[in-house]
Amino acid sequence: MSPLAHVVALPVRAYRLIFSPWVGHACRFQPTCSAYAMEALEMHGALKGSWLAARRILRCHPWGGSGIDNVPEPRKRD
């Protein structure tokens with residue numbers, strides 16, 4: 001993970017440590033949004049990983065989808 005991605009991941013880690021136990025375990029997606037965000041930051045870096053995590057969080061609403069939603073693989077450059 002890049003140094004900037006580590007900094008961006010701090011709020012996610014804080015959420016997982018402080019708020020996640022209070023919110024409960026009724027996630028609509030697998031993996032959970034915080035796990036998805038950490039994986040996206042690790043795979044794609046700070047900018048694209050943040051974008052993917054934000055899109056995922058915006059999809060988590062009563063009329064949104066549910067089920068398995070894995071982080072997309074990085075594109076291979078030729």
Side-chain angles (χ1 to χ4, degrees):
M1 196 180 305
S2 70
L4 184 57
H6 276 288
V7 172
V8 173
L10 288 175
V12 177
R13 288 190 177 111
Y15 166 80
R16 291 176 97 176
L17 181 66
I18 299 168
F19 296 112
S20 183
W22 296 96
V23 174
H25 300 287
C27 297
R28 303 173 64 84
F29 292 105
Q30 285 295 334
T32 63
C33 289
S34 60
Y36 183 96
M38 294 300 289
E39 188 176 346
L41 289 168
E42 188 174 311
M43 289 175 66
H44 294 281
L47 295 178
K48 187 167 183 183
S50 296
W51 169 248
L52 290 170
R55 279 186 37 213
R56 168 67 177 276
I57 291 169
L58 290 174
R59 287 192 307 248
C60 191
H61 54 80
W63 302 282
S66 62
I68 297 173
D69 181 25
N70 294 318
V71 177
E73 293 291 325
R75 290 185 186 164
K76 293 184 179 182
R77 296 180 184 173
D78 294 328

J.: Any side chain to side chain donor-acceptor pair (under 3.5 Å) involving residues 54-72? Give me the pairs, sequence neighbours left out, ordered by first then second residue.
T.: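 Applying side chain to side chain donor-acceptor pair (under 3.5 Å) to every pair that reaches into residues 54-72, excluding sequence neighbours, yields R59-D69.
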
J.: Nearest heavy-atom pair of L4 and A46: which atoms, and what distance?
T.: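 Looking at all heavy atoms of both residues, the closest pair is CG-CB, 3.5 Å.
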
J.: To the nearest 0.5 Å, how far apart are CE in M38 and SG in C33?
T.: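 Nearest 0.5 Å value for the CE-SG distance: 14.0 Å.
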
J.: Please say whether more than 12 non-hydrogen atoms of neighbouring residues, nucleotides or ligands are located less than 6.0 Å from CD1 in I57.
T.: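 Yes, because the 6.0 Å sphere around CD1 of I57 holds more than 12 heavy atoms from other groups.
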
J.: Any donor-acceptor pair under 3.5 Å linking the side chain of H44 with the backbone of W51?
T.: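 No; judged by distance alone, with no hydrogens or angles, the pair does not exist.
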
J.: Measure the spacing between CZ of F19 and OG of S34 and express it to the nearest 0.5 Å.
T.: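 Those atoms lie 13.0 Å apart.
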
J.: For residues L10 and V12: do they belong to one hydrophobic cluster (side chain heavy atoms under 4.5 Å, members Ile, Leu, Val, Met, Phe, Trp, Tyr)?
T.: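 Not linked; separate clusters.
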
J.: Provide the closest heavy-atom pair for A9 versus M1 in the form atom of the first, atom of the second, distance.
T.: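 Looks like CB-SD, 4.4 Å.
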
J.: Is there side-chain contact between Y36 and L52, with heavy atoms separated by less than 4.5 Å?
T.: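 Yes, at least one pair of side-chain atoms sits under 4.5 Å.
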
J.: I need the minimum non-hydrogen distance between L41 and G49, along with the two atoms involved.
T.: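 Result for this residue pair: CD2-C, 4.0 Å.
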
J.: Nearest 0.5 Å, please: how far is CG in L17 from OG in S20?
T.: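 Atom-to-atom, S20:OG and L17:CG are 9.5 Å apart.
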
J.: Does I68, at its CD1 atom, have more than 12 non-hydrogen atoms belonging to other residues, nucleotides or ligands within less than 6.0 Å?
T.: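 Count not over threshold, so no.
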
J.: Answer yes or no: is there a side-chain heavy-atom contact under 4.5 Å between K48 and M43?
T.: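 K48 vs M43: side chains apart.
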
J.: Which pair of heavy atoms, one from C60 and one from R28, lies closest together, and at what distance?
T.: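 Answer, listing the atom of C60 first, then R28: SG-CD, 3.8 Å.
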
